[in-house]
Every structure is written in C-alpha cells, then in structure tokens.
Amino acid sequence: MTQFNNISPEEEDRLIEEAYQNLLNGYLSSNHRKKVEIIEKAFKFARDAHQGIRRRSGEPYIMHPIAVATIVNQEIGLGSTSISAALLHDVVEDTEYTVEDIEAQFGKKIARIVDGLTKISGGIFGDKASVQAENFRKLLLTMGEDVRVVLIKMADRLHNMRTLSSMPPNKQYKIAGETLYIYAPLAHRLGLYAIKTELEDLSFKYNHPSEYQRIRSLVDDSEERRNELFSRFSAPIRERLDNMGLKYDFTVRVKSCYSIWKKMQTKHIPFDEVYDLYAARIVFDCERESDAKRLCWNIYNEITEVYIKHPDRVRDWLTTPKVNQYQALHVTVMGPDGDWVEVQIRSRKMDEIAERGFAAHWKYKIGEGEEEEELSKWLSTITDILKDPEPDAIDFLDTIKLNLYASEIVVFTPKGETITLPKGATVLDLAFTLHTDLGTHCIAGKVNHKLRPLSYKMASGDQVEIVTSNTQKPKSEWEKFVVTAKGKTRLHAALRHQRRLIIEEGERRFMNFLSDHHIEFSNELLSQAIGRQRLAGKEELFFMIGNDEITLNEEMISKKEQGVRFNWWRRNNPFKGKEEHKETTSEPSKAIDTKAVYRLTTTNGVSNYHIADCCHPIPGDDTVGFLNDSGEVIVHKMDCPTLARLKASYGSRLLETTWDEYSDKFLASIHIEGIDQKGILQAIVNIISTNMSINMRKMNVTSNQGVFNCDLDVLISDAKVLTNLCNQIKKVKGVNTATRMS
C-alpha cells in the first residue's frame with residue numbers, strides 16, 4: 001500500500017486502472033454470463049463517489065471496493081450482480097448517495113444487496129450487548145433475503161484483515177477478535193475453507209505476533225525434511241495410480257499456523273510432537289461425476305494395499321456429505337518412516353467445493369439465478385434462533401459460534417431418515433430438531449433399541465427413536481445438555497410459553513382471592529404485595545403464586561394500610577433475594593482514552609490493574625487490558641477464552657498493556673505427568689525449592705496404575721522463570737510432560 005505515497009495523480013490513476021483491469025480479466029475468464037457494462041458502470045459510479053477519500057494506509061478509498069469485488073469474483077466465484085454490489089458496498093454509508101440513488105442507477109436487486117451491506121456496516125458487534133445481538137441477527141437474516149450479502153461481507157472482512165497493519169493496536173485486537181470469534185466459523189460453515197484458514201491465520205498473526213512468527217519459521221525450517229518424507233511416501237502410490245490410468249494431482253498440504261498453535265495449546269505439546277503436521281491429498285479428474293465415488297474407493301484400495309491403515313481413522317464423507325456439502329474420503333496410514341499420514345481423496349469438483357464452498361457449484365451451472373439456492377438448506381438450520389425475540393447477546397453469539405464450527409454426526413430415525421447434528425448433540429437435541437412438540441414431551445430415547453436418558457450424547461450411525469409422554473413438561477435444567485442452536489431456541493421458547501401459562505394461572509388465583517374476600521383491586525394494593533415479598537414485579541409475583549411457591553392466606557389483617565394486608569407464605573423455603581453476577585454491558589461514565597498504554601506496575605504497592613482470575617497472566621505473557629465500569633484495567637492473557645468474548649463484544653475497552661518493572665511474585669500452575677517411580681516426587685521438589693528457590697503454594701499428587709500426575713501452584717517472577725522451571729522438571733527421570741496451566 002506504500003506504493004501510493006508520494007506519487008503523481010497520473011501514476012495513481014494508472015494503479016487504480018490496473019487493479020480494476022485485474023478484476024475485469026478475472027471475471028471475463030469465468031463462465032458467468034458476460035455483463036461487463038453493469039460492472040463498468042458500477043466502477044465509475046463508485047470511483048466518482050469516493051473521489052478524494054483515502055484509507056488510513058494512504059491509498060485511494062476506491063482500491064478497497066475493487067479488492068473486495070476481486071475476492072467476490074476470483075476467490076468466492078460470484079458474478080456481475082455481486083461484483084457490482086461489492087464495488088458499491090460503501091457508497092451509501094460513506095457518501096451522500098442513498099439506496100434510492102443506487103436503485104435508480106442499477107435496479108432493485110443490486111440496491112437490495114447494497115442496502116443489506118449498509119445495515120450491517122458497523123461490524124457485527126457494537127458497544128452494547130443488545131446492539132451486538134441485533135446486528136448479528138441482521139447479518140444472518142440477510143441470508144434469507146439474498147445470500148450474496150453475507151458472502152460480500154465475508155470478502156469485505158477478508159480484505160480488511162489483509163490490510164489490518166495500518167490500524168492502531170486496540171483496533172487490531174477488536175477486529176482480529178471479532179474475526180476469529182464469528183467470521184472464521186461462519187466461513188467454515190459456508191464451506192469457504194481457504195478463506196476460513198486465511199482469516200484464522202491473520203487473526204492469529206495480530207493477536208499473537210511473536211508466536212505466529214515462531215511457528216511460521218518452524219514450518220519453513222521443516223519444509224525440506226517434509227518434502228523428503230512425502231517423496232518416499234508417495235512414490236509407490238503414484239506408481240499404482242499411474243497404472244490405473246488416472247490424471248491426478250498428488251500434493252502435500254501443511255496445517256495452517258493457527259491450527260498448529262491450537263493443537264500445541266490444547267494438547268500441551270511442542271511443535272515436534274504435532275504428528276499430523278501435514279496431510280497428503282489426491283485430486284483426480286473425472287469425466288463423469290457419477291463415477292467419482294467409485295474411483296475414490298478404488299484409490300483407497302490401492303493405498304491400503306501399500307500401507308497399513310489406522311483402524312479408527314477412516315472418514316467417509318462420500319456417502320453422507322457434511323452440511324456445507326464437503327465430500328471426500330479420508331484414510332490415515334502408516335508411512336515408510338513410521339509416521340501416520342492422512343490421505344484425502346477427492347474428485348476435481350469435490351476439491352473445488354472443499355476449497356471454495358457452495359460457490360464452486362455455480363461453476364457447473366449457467367447463469368447467476370441459482371446462487372441463492374445453494375445456501376437455502378444451511379439457512380434453514382439457523383431460522384429458529386433468528387425467531388427468538390429475546391436472546392441474551394453473549395449466549396446468542398456463543399450458541400451460533402458452537403453450531404458454526406461444530407464437527408458433525410449423522411444419526412438415523414426408525415424410518416431410516418438421516419439427520420445431521422453437531423458433535424455432542426443429545427437425544428433431546430434430536431427431539432427438538434424433529435419437532436418442538438417432540439422436544440417438550442420427550443422423556444427418553446431408544447438408541448440402537450436401548451433406552452437412554454435425554455442427556456445421552458449420540459454418535460454417528462446411531463438409530464434413535466424418541467420416547468414421549470403427554471405429562472412431560474420442559475424443564476429449565478434441560479438447558480445444561482442442549483447444544484444445538486435449534487434445540488436451545490425451541491427449549492427457551494417452550495419455557496417462556498410455560499412460564500406465561502403459570503403467570504396467567506397465578507394472576508387468576510390472585511384476582512379470585514380478592515373477589516372471594518370482597519377486596520377491590522388497585523395498583524397500590526398490588527405494589528404493596530410485590531414490595532412485601534421483595535420481588536421484581538407483578539410477573540414474578542404471579543409466577544410464584546401460579547407455581548405454588550407462594551400461598552395466599554385467607555386471613556385478612558388490619559385495614560389501616562389501604563384497607564387490607566395479606567400474609568404470604570412460601571410453601572418451601574423463604575424467598576431470599578439473590579443476584580447473579582453478570583458482566584455489565586453499559587459503557588463507563590467517564591471518557592476512555594483507547595490510545596493509552598497502561599503499564600503494569602506495583603510501585604509502592606499501588607496498582608491500577610488487576611490480574612484476571614480466569615487466566616492468571618504473569619510478566620512475559622502477551623496481554624491485553626480490559627477497562628471495566630469502575631475504571632480498573634483487568635489484565636488477560638492474549639489467548640484467554642474470556643478475552644475472546646470481550647474482544648468480540650467490547651472492542652472500545654481494549655487497551656494495550658506492557659509489563660514495566662515489578663517486584664511482586666505471581667501465582668502460576670503447572671501440570672506434570674510421568675511414570676510413577678521411587679524418588680520422582682523428591683526430585684521435583686528439590687528442583688523447585690532447592691535448585692531454583694521457588695516457593696510452592698499447593699501440590700496435588702495422584703498415582704494410578706503406574707501413571708504419575710501432579711498439579712502444583714508456585715510463586716514466580718515472570719514467564720521465563722516458569723518456562724525454565726518446566727524444562728528442568730522435564731529432565732527428571734520418569735517425567736513425560738511439565739506444562740503450564742491456566
């Protein structure tokens with residue numbers, strides 16, 4: 001982007017025209033109907049509208065719409081309507097033009113897409129939780145109106161991530177956090193695998209720059225050895241595929257930096273122990289797609305004739321494709337060097353769908369009229385949650401995220417119908433997926449003809465019959481084991497309906513009580529009743545009466561207080577007001593300087609920050625500060641799960657933090673695993689207390705069938721000391737791992 005610094009207007013115009021021609025050439029090489037006139041008109045309109053406006057990087061603003069339109073066409077595969085809308089996507093928001101102006105110039109279809117993009121232009125997440133949920137709802141609702149809105153928004157986010165370096169750190173944290181929290185999972189669900197991988201890596205790069213560079217270097221350094229291993233592994237397979245007369249590509253694909261880092265974090269292992277660092281991929285040409293599945297299995301047979309397959313690592317996505325239409329056959333085999341290697345087998349069409357998602361279907365169709373159809377099935381899976389009128393913002397986003405990124409299982413109804421659900425789905429999830437009434441009256445499930453409880457987690461291939469009872473009613477404790485978006489939404493709706501019926505019954509009892517005792521109803525009388533029970537309002541009062549938690553006493557006492565007073569009694573325990581701790585969504589009253597750098601210091605025992613209890617950062621960790629309503633900075637580790645939610649939801653409160661001089665000791669936890677043998681505990685204690693003079697605060701040791709586990713808390717000065725301690729402990733004979741825990 002620095003190419004636009006200190007250049008003449010003529011040179012700037014040349015670069016803009018060059019970018020536009022690249023867009024046009026990509027479109028002309030596609031199989032879409034060639035509607036160059038509308039694209040040319042949109043480009044000129046957008047260029048005039050954005051004339052004189054520049055991005056933070058210094059480049060003319062028009063370069064952004066051109067880049068987004070290029071991604072829309074060349075990386076997602078959309079045609080002239082989407083390209084034109086992408087070129088115009090910021091015109092209504094950033095200039096004096098209106099949606100009506102766009103419609104007058106380009107018609108209703110393009111205007112509708114631009115309008116949809118304008119409505120969600122502020123990003124998914126605003127400053128308040130209600131705004132977050134509503135903006136995200138708008139994003140998803142637009143899929144029902146025109147799915148291209150979401151796809152163009154995905155391209156817009158991808159280009160913003162590619163140019164994020166020009167933004168200040170607090171903006172980088174917010175945008176990267178938002179991207180990793182929602183946009184990458186959404187790309188995954190849409191089948192945009194290449195875009196999903198790039199969004200994850202770019203988010204990782206800005207959230208953990210040093211870790212990203214370290215893993216990037218490790219991947220690059222291991223390339224030569226990796227290529228040698230793959231050459232030995234692939235040679236006998238290539239010989240067999242050549243004998244089959246196939247035209248194919250046999251390549252090796254390395255995991256993304258983010259995927260490698262996540263596995264290292266989750267498994268607590270170093271880079272060298274990531275055994276599935278790469279996967280082999282066979283992509284073959286197929287004249288008739290009807291032969292593709294048969295050829296996949298033929299290739300599978302040839303591979304397993306050469307190498308021993310892993311008995312638990314065969315994945316058949318041919319018979320039952322994933323929801324995003326991913327199809328392939330995966331098999332993991334033992335290579336000649338003793339390593340497990342996964343081989344993915346796909347036809348050329350399967351590969352394009354895997355990399356580019358639903359958009360790849362359009363390459364095999366004529367025209368653009370069918371673009372919407374490819375996403376209609378997926379859209380139906382989120383329709384229910386969009387109907388929920390009162391979602392809690394964070395829960396709403398968490399639920400959507402879970403269902404966007406979830407692995408999938410396929411189960412069967414007694415009639416043989418296949419149902420695809422997220423991994424971890426329970427019998428109750430299936431019941432609600434089939435029908436709301438089945439869910440609300442479900443009492444159990446027959447899984448493979450054996451009776452299982454509502455909370456039973458199903459596995460792929462299970463045959464499940466839902467058992468119901470007319471007397472069954474939905475219960476709030478069911479929320480603990482419902483994981484699907486549809487299940488959660490339908491359960492919440494059922495609970496709300498049931499609560500409304502109980503409130504109506506309570507109100508009926510209350511009014512009948514007054515009538516029976518010849519007492520005239522008044523709002524003051526109702527307020528007194530609510531106040532005596534210390535309740536929030538009349539709905540809570542009526543609910544407790546209708547739910548038999550409060551009994552109306554027939555005895556009337558003293559008429560001095562508006563003529564009547566009631567004795568109320570709880571049938572069970574007396575009501576005690578209780579408050580749930582929730583993160584407030586209101587903004588702090590004082591202005592926030594988001595450019596400030598808070599230095600973590602403990603001079604004279606005074607500090608302006610608190611260490612987060614959820615992740616316990618210590619000096620040397622990559623950290624971010626979160627400014628709460630009290631004006632205190634809560635310091636989180638960069639990879640803290642709680643911070644992931646805060647980054648996505650409250651970007652304006654994120655503050656860059658740096659460790660200054662400090663004298664405090666910080667609490668850290670270590671998990672140790674190894675083979676139980678005589679003297680191992682004493683050796684560990686000697687290293688901690690004697691050799692390194694570190695104070696231990698707590699130690700928990702267990703041994704089971706020769707396996708030794710130890711969790712201990714220590715007081716240390718910084719992350720380097722902790723890393724050194726773990727390295728020293730790993731040198732003890734019998735110790736297998738020693739890793740830091742959050």
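These numbers come from the heavy atoms of this one structure, side chains and all, not from hydrogens, waters or symmetry mates.
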Subject >> Pairing residues for V624 by the side-chain contact (heavy atoms from CB on, under 4.5 Å) criterion, not counting sequence neighbours >> reply: Y173, M638, L643, L654
**OP:** Mind checking the CG-CE spacing from L180 to M161? Nearest 0.5 Å is all I need.
**Re:** 8.5 Å
Original post:
Between R313 and V331, is any pair of side-chain heavy atoms under 4.5 Å apart?
Top reply: no
Original post:
Between N709 (side chain) and E673 (backbone), is there a donor-acceptor pair under 3.5 Å?
Top reply: no
Original post:
Between atom NZ of K309 and atom CD1 of I303, what is the distance when rounded to the nearest 0.5 Å?
Top reply: 12.0 Å
**OP:** Compare every heavy atom of I675 with every heavy atom of F708, then report the nearest pair and how far apart it is.
**Re:** CB-C, 4.1 Å
**OP:** Please check if the side chain of N727 supplies one atom and the backbone of T723 the other of a donor-acceptor pair under 3.5 Å.
**Re:** yes
Subject >> Backbone of Y193 reached by a side-chain donor or acceptor of T197 within 3.5 Å >> reply: yes
Subject >> pair K153-Y183: side-chain heavy atoms closer than 4.5 Å >> reply: yes
Original post:
If you take all heavy atoms of V483 and A425, which pair is closest and at what distance?
Top reply: CG2-CA, 3.6 Å
Original post:
Excluding sequence neighbours, so at least two apart, what forms ring pair (Phe, Tyr, Trp, His ring centres under 6.0 Å) with H310?
Top reply: W340
Original post:
Are L421 and I419 side-chain neighbours, meaning at least one heavy-atom pair lies under 4.5 Å?
Top reply: yes
Original post:
Any side-chain heavy-atom pair from S669 and D711 closer than 4.5 angstrom?
Top reply: no
Original post:
Among pairs that include at least one residue of residues 239-251, which meet side-chain hydrogen bond (donor to acceptor under 3.5 Å, both in side chains), considering only residues two or more places apart or in two chains?
Top reply: R240-E302, D242-Y248, D249-R348
Original post:
Under the side-chain contact (heavy atoms from CB on, under 4.5 Å) test, which residues partner R232, sequence neighbours left out?
Top reply: E228, L229, P336, D337
Original post:
Quick one: do E342 and R315 make a salt bridge, cutoff under 4.0 Å?
Top reply: no
**OP:** Only counting residues at least two apart or in another chain, list the ones meeting side-chain hydrogen bond (donor to acceptor under 3.5 Å, both in side chains) with R281.
**Re:** Q344, E355
Subject >> Test log, rule side-chain contact (heavy atoms from CB on, under 4.5 Å), inputs N700 and L712 >> reply: CA-CA 6 Å; N700 181 30; L712 61 91; over 6 Å; no
**OP:** Might you point out which heavy atoms bring T737 and K730 nearest each other, and give the distance in Å?
**Re:** C-CG, 4.2 Å
**OP:** Please examine the side chains of M264 and I260, heavy atoms only from C-beta on, and report whether any two atoms are closer than 4.5 Å.
**Re:** yes
Original post:
Does any N or O in the side chain of T426 come within less than 3.5 Å of the main-chain N or O of F481, such that one atom is a donor and the other an acceptor?
Top reply: yes
**OP:** Could you list the residues that satisfy ring pair (Phe, Tyr, Trp, His ring centres under 6.0 Å) with F250, not counting sequence neighbours?
**Re:** F230
**OP:** Please check if the side chain of R490 supplies one atom and the backbone of F432 the other of a donor-acceptor pair under 3.5 Å.
**Re:** yes
**OP:** Evaluate the criterion side-chain contact (heavy atoms from CB on, under 4.5 Å) for residue pair L491 and E479; output intermediate values, then yes/no.
**Re:** CA-CA 8 Å; L491 173 58; E479 295 178 289; 3.7 Å; yes
Original post:
Which residues pass the side-chain contact (heavy atoms from CB on, under 4.5 Å) test with P236, sequence neighbours left out?
Top reply: V306, Y307
**OP:** Consider only side-chain N and O atoms of E465 and T413, and report whether a donor and an acceptor are under 3.5 Å apart.
**Re:** no
Subject >> Pairs satisfying salt bridge (Lys or Arg N to Asp or Glu O under 4.0 Å), at least one member in residues 256-265, at least two apart >> reply: K263-D276
**OP:** Taking all heavy atoms of F284 and all of A292, pick out the closest pair and write down the distance.
**Re:** CZ-O, 3.6 Å
Original post:
Taking only residues at least two apart or on different chains, which pairs with a member in residues 450-464 satisfy side-chain hydrogen bond (donor to acceptor under 3.5 Å, both in side chains)?
Top reply: N448-D462
Original post:
Partners of P270 by side-chain contact (heavy atoms from CB on, under 4.5 Å), sequence neighbours excluded?
Top reply: E273
Original post:
To the nearest 0.5 Å, what is the distance between CG (L428) and CG (L454)?
Top reply: 5.5 Å
Subject >> Nearest-0.5 Å distance, OG of residue S347 to CD1 of residue I282 >> reply: 13.0 Å
Original post:
So V343 and T332, side-chain contact (heavy atoms from CB on, under 4.5 Å) or not? Walk me through it.
Top reply: CA-CA 6 Å; V343 184; T332 299; over 6 Å; no
Original post:
What class does the angle between the rings of W297 and Y300 fall in, given that below 30° is parallel, 30 to 60° is tilted and above 60° is perpendicular?
Top reply: perpendicular
Original post:
What closest approach, in Å, do L329 and C296 show between heavy atoms, and which atom pair accounts for it?
Top reply: CD2-O, 3.7 Å
**OP:** Kindly say whether N301 contributes a backbone atom to a donor-acceptor pair with the side chain of T304 at under 3.5 angstrom?
**Re:** yes
Original post:
Is it true that K349 and E287 make a salt bridge, defined as a side-chain N closer than 4.0 Å to a carboxylate O?
Top reply: no
**OP:** Sequence neighbours left out, what passes side-chain hydrogen bond (donor to acceptor under 3.5 Å, both in side chains) with T179? Give chain and number order.
**Re:** R157
Subject >> Evaluation steps, salt bridge (charged side-chain N to carboxylate O under 4.0 Å, His left out), between R740 and D621 >> reply: CA-CA 12 Å; R740 176 183 176 184; D621 288 335; 2.6 Å; yes
Original post:
Where do L192 and M154 land on the side-chain contact (heavy atoms from CB on, under 4.5 Å) test, with the steps shown first?
Top reply: CA-CA 10 Å; L192 302 170; M154 195 68 68; 4.1 Å; yes
**OP:** Hey, could you give me the CE/CD1 distance between M741 and I672, rounded to the nearest 0.5 Å?
**Re:** 9.0 Å
Subject >> Closest non-hydrogen atom pair, G734 against I680 >> reply: C-CD1, 4.1 Å
Table please: side-chain donor-acceptor pairs of residues 212-222 below 3.5 Å, with sequence neighbours left out.
| from | atom 1 | to | atom 2 | distance (Å) |
| --- | --- | --- | --- | --- |
| R214 | NE | E211 | OE2 | 3.2 |
| R214 | NH2 | E211 | OE1 | 3.3 |
| S217 | OG | Q213 | O | 3.0 |
| S222 | OG | L218 | O | 3.1 |
| S222 | OG | V219 | O | 3.0 |
| S222 | OG | R226 | NH1 | 2.8 |

**OP:** For the residue pair F204 and C257, establish whether any side-chain heavy-atom pair is separated by less than 4.5 Å.
**Re:** yes
**OP:** Supply the atom-to-atom distance D351 CG to R346 CZ, rounded to the nearest 0.5 angstrom.
**Re:** 5.0 Å
Subject >> Within-4.5 Å side-chain heavy-atom neighbours: L158 and E75 >> reply: yes
Original post:
Is the closest side-chain heavy-atom distance between D622 and N207 below 4.5 Å?
Top reply: no
Subject >> Whether H330 and Y326 hold their rings parallel, tilted or perpendicular, with breakpoints at 30° and 60° >> reply: perpendicular
**OP:** Return yes if some donor-acceptor pair links the side-chain N/O of K488 with the main-chain N/O of V482 below 3.5 Å, else return no.
**Re:** yes
